[in-house]
Protein chains: 2
Amino acid sequence: MQKDTKKEDNQESRYILSSVDNALSIMNLFFDYEELSTAEIAKLIGVSRSTAFRFMVTLENRGFVSKTEYGKYRLGLNLFSLGMLAYNRMELVSMVHPYLSKMAEESGETCHLSILDDGIHVMFIDRALGSSCLRMDTAPGYRQFAHCTATGKAILAFQSDQVVNQYLKKTTFKPRTPNSIKDAQELLQVIDQIKLDGYACDNEEAERGLTCFAKPLLDSSGHAYAAISISGPTTRMSTDKEIHLQHLTDTIESINSLSF
Amino acid sequence: MQKDTKKEDNQESRYILSSVDNALSIMNLFFDYEELSTAEIAKLIGVSRSTAFRFMVTLENRGFVSKTEYGKYRLGLNLFSLGMLAYNRMELVSMVHPYLSKMAEESGETCHLSILDDGIHVMFIDRALGSSCLRMDTAPGYRQFAHCTATGKAILAFQSDQVVNQYLKKTTFKPRTPNSIKDAQELLQVIDQIKLDGYACDNEEAERGLTCFAKPLLDSSGHAYAAISISGPTTRMSTDKEIHLQHLTDTIESINSLSF
DNA sequence: TATACTGTTTAATATAATAAAACAGTATGT
DNA sequence: ACATACTGTTTTATTATATTAAACAGTATA
């Protein structure tokens with residue numbers, strides 16, 4: 001799926017075309033900024049304003065960025081079209097499903113695959129049910145505020161600060177259980193912890209008695225494009241926590257070895 | 001929204017960086033091909049195999065393309081991440097909604113905004129209800145096979161052959177009404193007609209008595225990223241067809257003048 | 001009014017993109 | 001089994017082009 005290609009220590013880097021690479025890293029800047037001016041881009045990637053200007057003319061001409069009425073640049077429509085195409089073609093659900101089923105079978109608990117579908121909600125796009133009578137049973141296509149779910153928090157923790165800030169602006173923190181995250185500050189603390197731990201928990205924050213663990217699926221730039229989770233009754237989940245975390249790690253490793 | 005920037009007759013083209021532009025057009029090749037080899041890319045954009053090789057190393061290093069186990073290239077995960085980001089940030093629904101409401105008010109009929117959400121289904125992501133008692137009334141988030149809806153056909157008609165072929169492979173043509181499209185051949189004929197007309201019809205193909213007209217929203221490369229439609233009872237719709245088509249044209253013009 | 005920013009344009013220079021050629025590997029068909 | 005025709009990869013040489021600096025005009029700020 002992703003080849004864990006870092007920027008510097010890559011032995012293939014002698015073939016990288018620097019101007020093209022700069023153009024690609026300009027697009028990646030928009031993970032951290034919603035709008036950027038030519039001068040800001042020039043500073044951020046370390047080129048003169050005149051070359052930054054030429055980069056932006058080139059990118060805008062193909063619709064990869066677009067200019068706002070104030071002369072700033074944003075991500076463009078063509079990028080959205082290509083992204084949807086990439087999503088449709090990678091067939092995330094069908095490729096991940098076998099591993100999700102395997103994880104549900106081995107862990108005995110219900111497993112989910114989620115994406116952030118509109119900036120504030122996570123959507124469960126696939127699931128594999130657990131083997132117990134008492135198990136989590138969601139409807140396919142179920143949507144939920146990201147901060148109420150383990151997968152949502154796992155995705156948010158591995159997004160840029162800019163995306164998180166957008167989330168905080170748009171979301172209302174209506175508590176669903178006594179354990180629900182109450183405000184922006186608490187969410188930011190939780191996100192910091194997830195970054196350290198590498199996994200996210202839902203300790204009865206969406207529904208009493210329900211505990212979930214989740215880990216993110218990361219692209220080559222380190223951003224989460226989806227997350228997988230294991231969910232079940234709190235008593236069982238707390239006992240088997242370490243086992244479940246290992247299941248998540250193993251499954252992600254299998255998924256990453258796929259070639260999308 | 002999109003600036004209708006053609007490739008050649010652009011007076012800004014003296015600033016375009018050719019190597020970056022080639023890299024962007026390589027990504028756009030994937031609208032027409034799901035997988036491409038280095039040699040194929042070299043032929044298609046008109047460079048030597050050695051430079052095409054360098055382009056692909058550069059693109060793969062940033063996750064914009066990924067290599068399959070057979071050594072061919074596909075669109076990469078980073079492109080999906082950026083596309084989702086672009087989609088979330090452009091806030092399609094909130095930007096288009098005022099125009100959709102205006103169109104519903106002026107036409108008196110229910111209007112929809114749709115995207116192709118997984119390659120085979122269209123999803124109605126926004127609607128504005130008509131003023132009549134007898135009106136189309138869908139649930140938000142309603143999904144339907146693309147070939148059964150006007151918006152779905154409008155989007156398919158302005159996608160690459162490759163996307164259409166994928167659609168034909170994955171879809172089952174179960175007729176929903178006597179007018180439903182019966183097979184792949186019929187759909188291809190309809191698509192050709194839509195390309196000529198610039199709009200798509202649903203003549204009681206999803207539900208008896210219901211007629212819809214739709215037009216696509218196009219990005220700078222000419223691909224549909226969404227579509228808008230007007231829906232209502234066949235008797236009214238057939239009478240007011242030309243008026244509704246004009247409403248669609250006017251609305252799209254307004255949307256295109258927005259800067260996403 | 002002066003300062004410090006912009007985005008745009010031009011021209012000069014040095015860098016880096018390009019293609020050609022050669023190599024090794026694979027698949028094809030004879 | 002052989003020959004042909006493809007691959008992807010690597011190196012090298014040359015040319016083209018990406019880059020910068022400098023200058024200009026416009027805007028906002030103090």
Side-chain angles (χ1 to χ4, degrees), chain A residues 3 5 7-30 33-62 64-76 259, chain B residues 3 5 7-30 33-62 64-76 259:
Chain A
K3 295 290 182 306
T5 42
K7 279 114 212 170
E8 307 303 341
D9 57 346
N10 191 343
Q11 69 279 19
E12 311 288 359
S13 59
R14 59 198 160 120
Y15 293 127
I16 287 177
L17 305 177
S18 56
S19 62
V20 174
D21 195 55
N22 273 333
L24 301 183
S25 62
I26 286 175
M27 289 192 258
N28 277 341
L29 285 181
F30 289 91
Y33 303 91
E34 187 157 355
E35 295 189 347
L36 284 168
S37 67
T38 306
E40 290 168 335
I41 292 162
K43 271 179 204 154
L44 283 165
I45 63 163
V47 296
S48 63
R49 277 185 297 134
S50 32
T51 56
F53 173 69
R54 288 173 125 95
F55 274 121
M56 300 322 286
V57 168
T58 308
L59 288 167
E60 192 193 7
N61 183 254
R62 292 275 181 190
F64 283 72
V65 300
S66 67
K67 223 174 187 172
T68 70
E69 48 184 329
Y70 308 109
K72 293 217 168 190
Y73 291 99
R74 322 177 101 243
L75 293 175
S259 59
Chain B
K3 295 287 182 306
T5 42
K7 279 115 213 171
E8 307 301 343
D9 56 346
N10 191 344
Q11 69 277 22
E12 311 288 0
S13 59
R14 59 199 160 119
Y15 293 126
I16 287 176
L17 304 176
S18 55
S19 62
V20 174
D21 195 55
N22 272 334
L24 301 182
S25 62
I26 285 175
M27 289 192 258
N28 277 341
L29 286 180
F30 289 91
Y33 303 91
E34 187 159 352
E35 295 189 347
L36 285 168
S37 66
T38 306
E40 290 167 335
I41 291 162
K43 272 181 204 153
L44 284 165
I45 62 163
V47 296
S48 64
R49 276 185 297 135
S50 30
T51 59
F53 173 70
R54 288 173 124 95
F55 274 120
M56 301 322 286
V57 167
T58 308
L59 288 168
E60 192 194 5
N61 184 254
R62 292 274 181 191
F64 283 72
V65 300
S66 67
K67 222 174 187 172
T68 69
E69 50 185 327
Y70 307 111
K72 293 218 168 189
Y73 290 99
R74 324 177 100 242
L75 292 175
S259 59

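Quick note on labels: first sequence line is chain A, next is B, and so on, each numbered from 1.
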**Student:** So, taking the atom named CG in B:N28 and the one named CD1 in B:I45, what distance separates them when rounded to the nearest 0.5 Å?
**Tutor:**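 Spacing of CG (B:N28) from CD1 (B:I45) equals 11.5 Å.
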**Student:** Any donor and acceptor pair, going by atom type alone, linking the side chain of B:T51 with main-chain N or O of B:V47 inside 3.5 Å?
**Tutor:**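 Checked: no pair found.
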**Student:** In whole angstrom, give the distance that lies between atom CZ of B:R14 and atom P of D:dA18.
**Tutor:**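 Nearest whole value for this atom pair: 16 Å.
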**Student:** Testing the basics here: between A:R14 and B:R54, what is the closest heavy-atom pair and its distance to 0.1 Å?
**Tutor:**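 Closest approach of A:R14 to B:R54, heavy atoms only: O-NH2, 4.0 Å.
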**Student:** What residues form a side chain to side chain donor-acceptor pair (under 3.5 Å) with A:S19, not counting sequence neighbours?
**Tutor:** B:S19
**Student:** How long is the span from the CZ atom in A:F55 to the OG atom in A:S25, to the nearest 0.5 Å?
**Tutor:**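 OG of A:S25 is found 7.5 Å from CZ of A:F55.
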**Student:** List the atom of A:L59, the atom of A:A23, and the distance in Å for their closest heavy-atom pair.
**Tutor:** CD1-O, 4.3 Å
**Student:** Measure the distance from CD1 on B:I26 to C1' on C:dT18 and round it to the nearest whole Å.
**Tutor:**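 About 13 Å, once rounded to whole Å.
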**Student:** Mind calculating the distance between CG (B:L36) and P (D:dT7) to the nearest angstrom?
**Tutor:**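 These atoms are roughly 12 Å apart.
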**Student:** Rounding to 10°, can you tell me the angle the first-five-pair axis of the helix from C:dT1-D:dA30 to C:dG29-D:dC2 makes with its last-five-pair axis?
**Tutor:**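 What I find for the helix from C:dT1-D:dA30 to C:dG29-D:dC2 is an axis angle of 40°.
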**Student:** Does B:V57 offer a backbone N or O that forms a donor-acceptor pair with the side chain of B:E60 under 3.5 Å?
**Tutor:** no
**Student:** Any chance you could list the contact pattern along nucleotides 19-30 of chain D? Use B for base contacts, S for sugar-phosphate-only contacts and - for none, protein heavy atoms under 4.0 Å, 5' to 3'.
**Tutor:** BBB---------
**Student:** Please give, in whole Å, the distance from D:dG8 P to B:E40 CD?
**Tutor:** 8 Å
**Student:** Between P on C:dA27 and OH on B:Y70, what's the gap in Å once rounded to a whole number?
**Tutor:** 12 Å
**Student:** May I ask you to verify if any side-chain N or O of A:Y15 is less than 4.0 angstrom from the OP1 or OP2 atom of D:dT9?
**Tutor:**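 Answer is no, no contact under 4.0 Å.
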**Student:** Donor-acceptor pair, distance only, cut-off 3.5 Å: does the side chain of B:T58 make one with the backbone of A:D21?
**Tutor:** no
**Student:** I would like to know whether B:M27 and B:F64 meet side chain to side chain contact (heavy atoms under 4.5 Å, CB included); could you show each step before the answer?
**Tutor:** CA-CA 8 Å; B:M27 289 192 258; B:F64 283 72; 3.7 Å; yes
**Student:** For B:M56 and C:dA17, what is the distance between atoms CE and P respectively, to the nearest whole Å?
**Tutor:** 16 Å
**Student:** What is the distance, rounded to the nearest whole Å, between atom CZ of B:F53 and atom C1' of C:dT18?
**Tutor:**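 To the nearest whole Å, that distance equals 15 Å.
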**Student:** Is B:K43 close enough to D:dT7 that one of its side-chain N or O atoms is under 4.0 Å from OP1 or OP2 there?
**Tutor:**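 Looking at the OP1 and OP2 atoms of D:dT7, one of them is under 4.0 Å from a side-chain N or O of B:K43.
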**Student:** Please state how far atom CD in B:E35 lies from atom C1' in D:dG8, giving the value in whole angstrom units.
**Tutor:**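 The distance from CD of B:E35 to C1' of D:dG8 comes to 16 Å, rounded to the nearest Å.
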